[in-house]
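Inspection log for the structure reproduced underneath, given as structure tokens.
In this chain, numbering begins with 1 at the start of the sequence shown. Quick note: numbers below take in every heavy atom, side chains included, and nothing from hydrogens, waters or symmetry partners.
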Amino acid sequence: MDRLLQLEVFSKTAELGSLSKAAESLRMSNAAASRHLSALEERLAVRLIERNTRRLWLTEAGQELLQRCGPLLNELAEAEDAVSDRALSPQGMLRVTSSLSFATIYLAPMLPAFRAMYPKLSLQIIAANRYPDFIEAGIDVAIRTREHEPDSGIVVRRIGQMRRVLAAAPSYLASRGRPVVPADLVRHDMLIYNLANDPYSLSLRSGNAVQSIRIAPTLDSNDGQVIRGAALAGLGILIQPLYIVQSDILAGRLVPVLLDWELPLLTMNIAYQNRVRLPAKIRVFADFLVDHIRTHSDPGIWIEPPKPD
């Protein structure tokens, strides 16, 4: 059996955490993938992967082999991409993860035009507010708000900075009144995104004045759309990036408050694994996304508009 193919099956199985997913990715049957993996273990006389009915994991020998063969396989794939038509016509599967809000507002609307331009490229959108491990989840591109990755092998490309806003439904403000100064927020029902940095502490700036307050949430959630829905229902004042609620504000469903005070900006980034040569599918997706955001975002959302790389 082909030694290189055996290593590809092993590496892809480790990357995706599933032999069947590896087989699908490499376009072979599960039986063939299993034979290649068994042949590799037999040739090396060592067990590389342990598995049960629920999951699989690498042995110590498997971890060492992956560490050594992974970069070699990546370089080989990149070399093939550089001289094949994939450099001009990206193809295969691209796995992208982002928050549900970002996927709904930015990714979904751009997909028809993106697919028309790159018809050989398939996409898998994983909507998640957590930050999955790239290798474990088989992720190619992640849209994230954190500016630094704990893994030095991850490249972070800045998209831009966007405004955040305090807003509530007209019905809530009619019954509870508008906050006039930041300190008033402690007497209001607050709807908090609990994955934000220090979500229960607010720092607001107006000119040279800065005020920091602690708030107790009436509702907190790990998803911005839950927070938005609660605000539309009149449950309280939300704190969200402007892009999530801009359409509601323009339609009068939500009303901004404390407009003289600014919240810290939110930085949006594209993250992907560091490669000697960036795969064409990642490069074209990142460039297309930045251009889409720059040309389709409502005015005022981005304080620092996205720029071409």
Heavy-atom side-chain proximity of [X] to [Y] below 4.5 angstrom:
{"X": "Arg157", "Y": "Val290", "answer": "yes"}
{"X": "Leu58", "Y": "Glu64", "answer": "no"}
{"X": "Ile239", "Y": "Ile215", "answer": "yes"}
{"X": "Val284", "Y": "Met117", "answer": "no"}
{"X": "Ile244", "Y": "Ile227", "answer": "no"}
{"X": "Leu121", "Y": "Phe114", "answer": "yes"}
{"X": "Arg214", "Y": "Asp198", "answer": "yes"}

On a heavy-atom basis, which atom in [X] and which in [Y] lie closest, and how many Å separate them?
{"X": "Ala169", "Y": "Leu232", "answer": "CB-O, 4.1 Å"}
{"X": "Thr13", "Y": "Ala22", "answer": "OG1-CB, 3.4 Å"}
{"X": "Pro241", "Y": "Met162", "answer": "CB-SD, 3.8 Å"}
{"X": "Ile213", "Y": "Pro182", "answer": "CD1-O, 3.1 Å"}
{"X": "Pro256", "Y": "Arg178", "answer": "O-NH1, 3.7 Å"}
{"X": "Ala230", "Y": "Leu219", "answer": "CB-CD2, 3.5 Å"}

[X], [Y]: one ILVMFWY side-chain cluster at the under-4.5 Å cut-off?
{"X": "Phe102", "Y": "Ile301", "answer": "yes"}
{"X": "Leu185", "Y": "Trp261", "answer": "yes"}
{"X": "Tyr243", "Y": "Ile249", "answer": "yes"}
{"X": "Leu7", "Y": "Leu26", "answer": "yes"}
{"X": "Leu263", "Y": "Ile237", "answer": "yes"}

If you round to the nearest 0.5 Å, how far is [atom2] of [Y] from [atom1] of [X]?
{"X": "Met28", "Y": "Ser34", "atom1": "CE", "atom2": "OG", "answer": "11.5 Å"}
{"X": "Ile270", "Y": "Ile293", "atom1": "CD1", "atom2": "CD1", "answer": "7.0 Å"}
{"X": "Ser11", "Y": "Leu65", "atom1": "OG", "atom2": "CG", "answer": "8.5 Å"}
{"X": "Gln240", "Y": "Leu191", "atom1": "CD", "atom2": "CG", "answer": "9.0 Å"}
{"X": "Ile139", "Y": "Arg95", "atom1": "CD1", "atom2": "CZ", "answer": "8.0 Å"}
{"X": "Ser98", "Y": "Met268", "atom1": "OG", "atom2": "CE", "answer": "8.5 Å"}

* To do: Might you work through the side chain to side chain contact (heavy atoms under 4.5 Å, CB included) test for Leu242 and Leu266, ending with a clear yes or no?
  => CA-CA 10 Å; Leu242 182 56; Leu266 184 69; over 6 Å; no
Listed pairs under 3.5 Å, donor-acceptor, residues 105-112 side chains, sequence neighbours left out:
unit_1, atom_1, unit_2, atom_2, d
Tyr106, OH, Ser297, OG, 2.9
Tyr106, OH, Trp302, NE1, 3.3

* Would Ile282 and Leu94 satisfy side chain to side chain contact (heavy atoms under 4.5 Å, CB included), going step by step from the backbone distance to the final call? -> CA-CA 8 Å; Ile282 295 177; Leu94 180 70; 4.1 Å; yes
* To do: Only counting residues at least two apart or in another chain, list the ones meeting side-chain hydrogen bond (donor to acceptor under 3.5 Å, both in side chains) with Arg27.
  => none
* **Val186: hydrophobic cluster co-members (side-chain, 4.5 Å)** => none
* Cluster partners of Val226, using ILVMFWY side-chain heavy atoms under 4.5 angstrom, listed by chain and number? -> none
* Asked: Above 12 or not: heavy atoms from other molecules or residues under 6.0 Å from CD of Glu24?
  -> no
Do any N or O atoms from the side chain of [X] and from the backbone of [Y] form a donor-acceptor pair under 3.5 angstrom?
{"X": "Asp140", "Y": "Val96", "answer": "no"}
{"X": "Asn269", "Y": "Ala271", "answer": "no"}
{"X": "Arg164", "Y": "Pro264", "answer": "yes"}
{"X": "Asp291", "Y": "Phe288", "answer": "no"}
{"X": "His296", "Y": "His292", "answer": "yes"}
{"X": "Arg253", "Y": "Ala168", "answer": "no"}
{"X": "Thr97", "Y": "Ala142", "answer": "no"}

Run the side-chain contact (heavy atoms from CB on, under 4.5 Å) test against [X] and tell me which residues pass, sequence neighbours left out.
{"X": "Ser20", "value": "Ser18, Asn30"}
{"X": "Asp189", "value": "Tyr172, Arg176, Thr218"}
{"X": "Pro170", "value": "Val255"}
{"X": "Arg55", "value": "Asn52, Trp57"}

* Structure fact -> Contacts of Arg228 meeting salt bridge (charged side-chain N to carboxylate O under 4.0 Å, His left out) (sequence neighbours excluded), chain-then-number -> Asp248
Which atom pairs, donor and acceptor, lie under 3.5 Å between side-chain atoms of residues 39-49 and protein residues at least two apart or in another chain?
unit_1, atom_1, unit_2, atom_2, d
Glu41, OE2, Leu48, N, 2.9
Glu41, OE2, Ile49, N, 3.2
Arg43, NE, Gln6, OE1, 3.3
Arg43, NH2, Gln6, OE1, 3.1
Arg47, NE, Ile49, O, 3.2

* Step by step, work out the side chain to side chain contact (heavy atoms under 4.5 Å, CB included) result for Leu123 and Tyr118. => CA-CA 11 Å; Leu123 287 100; Tyr118 303 106; over 6 Å; no
* Asked: Under the side chain to side chain contact (heavy atoms under 4.5 Å, CB included) criterion, do Leu254 and Leu238 qualify, and how do the steps go?
  -> CA-CA 10 Å; Leu254 292 176; Leu238 59 66; 4.1 Å; yes
Residues 200-211, side-chain donor-acceptor partners within the protein, below 3.5 Å, at least two apart:
unit_1, atom_1, unit_2, atom_2, d
Tyr200, OH, Asp220, OD2, 2.6
Ser206, OG, Asp260, O, 2.9

* Structure fact -> Residue set satisfying ring pair (Phe, Tyr, Trp, His ring centres under 6.0 Å) with Phe10, at least two apart, ordered chain then number -> none
* **Salt-bridge contact Lys12-Glu15 (side-chain N to carboxylate O under 4.0 Å)** => yes
